[in-house]
Amino acid sequence: MRFKILHILILALILALFTTLTFAENKATLDEIINGFDDKKSETADDTMQDVLEGFDDEPKDAGKSTNEDDILEGFDDDTTDAKPELPPELQKDKIKPSIFSLNGDVELGASYNFAHDKPEGNETDWRGLSRLRTELNLELDVKFSSSWQARISGMGAYDFAYAIKGRDEFTDDVLDNYEKELELGETYLQGSLTKSLDIKLGRQIVVWGKSDSIRVTDVLNPLDIREPGLTDIEDLRLPVAMSKLDYYIGDWSLTGIAIHEIRFNKSPEYGSDFYPASQPPPHEDKPDSCLKNTEYAAAINGIFSGWDISFYWADYYNDMPHMELVSAGPPPQTQLKHARLKMIGAAFNAAVGNWLLKTEAAYIDGFESFNSPDKDYSRTDVLAGIEYSGFKDTMMSIEAVNRHINDFDDVLELPPDEAQEDEFQWVFRLTRDFLNDSLTLTLLASTLGGGTGQDGALQRFSAEYDLTDSIEMAGGVVLYQSGDLVMYRNIGDNDRLFFNIKYSF
């Protein structure tokens with residue numbers, strides 16, 4: 001109860017800060033408009049008139065002298081550029097060919113501080129205080145072979161000092177193996193135009209489907225990094241996978257065909273982390289190999305028009321979230337985690353009306369499997385609607401809501417370990433405002449599952465991003481969590497944290 005009260009107080013302070021900053025900026029703008037209306041102008045007008053009339057009574061006494069001086073100084077302004085030596089052709093600017101290589105990157109330091117945990121009991125991990133002190137290096141090499149062909153190689157390396165500072169013996173091997181250090185190949189691909197209407201892209205890449213900024217419905221091709229949920233937006237959580245993609249353009253329409261060769265799943269909270277929902281480690285996870293027979297396939301049709309756009313999607317892919325499967329009845333019974341093969345057909349639509357942006361998505365997904373009903377596959381219908389408003393100065397507000405309905409639902413699915421719901425409702429509200437000539441951005445985000453009360457779980461994030469210079473960016477804020485009935489939200493209520501990041505880009 002005390003944490004709910006704390007959440008309410010913090011959110012009230014955040015809204016008060018928004019209001020104060022907005023009022024201060026509007027007042028400053030008004031002062032600039034009014035400033036100067038009371039200035040005295042008579043003296044300025046008199047001075048200007050005197051300047052205009054000045055010199056009309058002067059006599060040209062020195063006319064002859066001026067002529068003689070002009071004769072003496074004559075020739076000093078002659079153009080002598082022809083005397084400058086010319087640079088060799090290979091050193092002249094217009095002769096130097098630009099490099100086909102371009103290297104970019106950034107170095108980032110991020111920290112999280114947990115302030116709501118109680119003292120642990122027994123051998124439980126102590127997550128109080130510092131929980132993340134992560135340094136990260138991102139490098140991106142672009143190669144431009146021609147106007148129509150280019151390539152990219154990117155990678156990331158990271159190390160989290162928090163585990164060494166707090167003592168590595170405090171954490172499980174799963175946490176240390178997946179959180180302490182990372183080395184990963186990022187987006188790495190070759191892309192170009194085969195014809196004027198046909199493009200190809202081969203390699204590790206990210207393909208974004210759908211229109212929603214905060215909720216996934218048709219965006220099913222790339223897995224997510226959800227090990228520390230709520231700290232950042234979906235656009236920064238997608239993980240690249242190796243695929244081959246063809247795009248064919250016909251007027252306002254484009255057709256896309258995709259073959260995904262790399263089978264990769266979400267990075268989920270590991271056993272022993274403060275976001276892992278159970279006290280016992282999970283069973284063995286049976287992950288399909290990345291081979292020809294397990295290739296995932298997808299296709300899309302996109303139409304972009306004046307003021308609106310529409311897309312249609314189809315995908316044959318593995319479920320990122322595994323289900324539990326009985327391997328042997330025992331005793332003792334043996335279980336494993338398995339990823340079902342799903343088929344999805346969906347559509348998305350956007351329409352701009354003045355300062356309003358209307359968006360909707362829908363998907364029908366078939367092939368869900370369960371532990372309690374192993375002989376039956378289930379389908380699910382997801383429907384999303386959203387609205388975005390940008391009519392206020394430097395401000396954007398949006399709200400999106402989705403309902404996920406399991407068709408032909410059986411009550412047995414509510415039992416452990418499935419613990420499924422026939423209808424799963426979620427809504428997300430976002431308020432963003434820019435200050436100080438767009439160098440400061442404040443964001444309030446609230447994600448709620450299970451209706452307005454958040455009985456299935458909820459989180460709220462208030463963040464501030466500030467561009468200190470063109471190459472240095474700072475960010476910080478607070479994330480508040482509310483436990484709920486959904487498995488992944490069951491034990492997160494004590495994970496409230498402050499976070500801070502500083503990034504240098506080059």
Could you tell me whether [X] and [Y] make a salt bridge, using a distance below 4.0 angstrom between a side-chain N and a carboxylate O?
{"X": "Lys211", "Y": "Asp309", "value": "yes"}
{"X": "Asp199", "Y": "Lys201", "value": "no"}
{"X": "Asp160", "Y": "Arg132", "value": "no"}
{"X": "Asp219", "Y": "Arg238", "value": "yes"}
{"X": "Arg490", "Y": "Glu419", "value": "yes"}
{"X": "Arg380", "Y": "Asp382", "value": "yes"}
{"X": "Lys267", "Y": "Glu184", "value": "yes"}
{"X": "Asp126", "Y": "Lys166", "value": "no"}
{"X": "Asp233", "Y": "Arg461", "value": "yes"}

Is there a donor-acceptor pair closer than 3.5 Å between any side-chain N or O of [X] and the backbone N or O of [Y]?
{"X": "Ser463", "Y": "Gly476", "value": "no"}
{"X": "Ser244", "Y": "Ala259", "value": "no"}
{"X": "Asn222", "Y": "Leu239", "value": "yes"}
{"X": "Tyr179", "Y": "Ser273", "value": "no"}
{"X": "Arg430", "Y": "Thr443", "value": "no"}
{"X": "Thr256", "Y": "Asp247", "value": "no"}
{"X": "Tyr313", "Y": "Ala363", "value": "no"}

Nearest non-hydrogen partners of [X] and [Y], listed with the distance:
{"X": "Glu187", "Y": "Ile206", "result": "OE1-N, 3.5 Å"}
{"X": "Ser373", "Y": "Tyr378", "result": "OG-OH, 3.1 Å"}
{"X": "Gly493", "Y": "Ser483", "result": "N-OG, 2.7 Å"}
{"X": "Asp106", "Y": "Phe506", "result": "N-CE2, 3.6 Å"}
{"X": "Asn372", "Y": "Val412", "result": "ND2-O, 3.3 Å"}

Would you check if there is a donor-acceptor pair between the side chains of [Y] and [X] at a distance under 3.5 Å?
{"X": "Gln336", "Y": "Glu325", "answer": "yes"}
{"X": "Ser212", "Y": "Glu361", "answer": "no"}
{"X": "Asn407", "Y": "Ser379", "answer": "yes"}
{"X": "His405", "Y": "Asp423", "answer": "yes"}
{"X": "Glu136", "Y": "Asn138", "answer": "yes"}
{"X": "Asp485", "Y": "Gln421", "answer": "no"}

Is any side-chain heavy atom of [X] less than 4.5 Å from a side-chain heavy atom of [Y]?
{"X": "Asn403", "Y": "Val383", "result": "no"}
{"X": "Arg341", "Y": "Asn319", "result": "no"}
{"X": "Lys338", "Y": "His323", "result": "yes"}
{"X": "Phe462", "Y": "Leu480", "result": "no"}
{"X": "Lys376", "Y": "Asp410", "result": "yes"}

Item to check | side-chain contact (heavy atoms from CB on, under 4.5 Å) against Ser390, all qualifying residues, sequence neighbours excluded | outcome: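 Ser390 satisfies side-chain contact (heavy atoms from CB on, under 4.5 Å) with Asn355 once adjacent residues are dropped.
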Item to check | Set of side-chain contact (heavy atoms from CB on, under 4.5 Å) partners for Thr335, sequence neighbours left out | outcome: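 Scan of Thr335 (side-chain contact (heavy atoms from CB on, under 4.5 Å), adjacent residues dropped) gives Pro283, Met324, Leu326, Phe371.
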Checklist entry - Listed by chain and number, what are the ring pair (Phe, Tyr, Trp, His ring centres under 6.0 Å) partners of Tyr248, not counting sequence neighbours? => result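 For Tyr248 there are no ring pair (Phe, Tyr, Trp, His ring centres under 6.0 Å) partners, ignoring immediate neighbours.
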Checklist entry - Is the distance between the ring centroids of Phe312 and Trp209 less than 6.0 Å? => result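 They do not qualify: ring centres at least 6.0 Å apart.
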Checklist entry - Centres of the Trp127 and Phe171 rings: under 6.0 Å? => result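 Yes, close enough.
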Checklist entry - Do you know which of Phe275, Tyr489, Phe115 makes ring pair (Phe, Tyr, Trp, His ring centres under 6.0 Å) with Tyr481? => result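 The residue from Phe275, Tyr489, Phe115 that satisfies ring pair (Phe, Tyr, Trp, His ring centres under 6.0 Å) with Tyr481 turns out to be Phe275.
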Item to check | Partner residues of Arg227 under the salt bridge (Lys or Arg N to Asp or Glu O under 4.0 Å) criterion, sequence neighbours left out | outcome: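 Glu182, Asp225.
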Item to check | Set of residues satisfying salt bridge (Lys or Arg N to Asp or Glu O under 4.0 Å) with respect to Glu473, sequence neighbours excluded | outcome: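 Scan of Glu473 (salt bridge (Lys or Arg N to Asp or Glu O under 4.0 Å), adjacent residues dropped) gives none.
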Next on the checklist: Could you measure the distance from the CG atom of Leu130 to the OH atom of Tyr163? Nearest 0.5 Å is fine.
Outcome noted: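 Result: 9.5 Å between the selected atoms.
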Checklist entry - How would you list all residue pairs meeting salt bridge (charged side-chain N to carboxylate O under 4.0 Å, His left out) that involve residues 172-181, not counting sequence neighbours? => result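 Residue pairs with at least one partner in residues 172-181: Arg168-Glu180.
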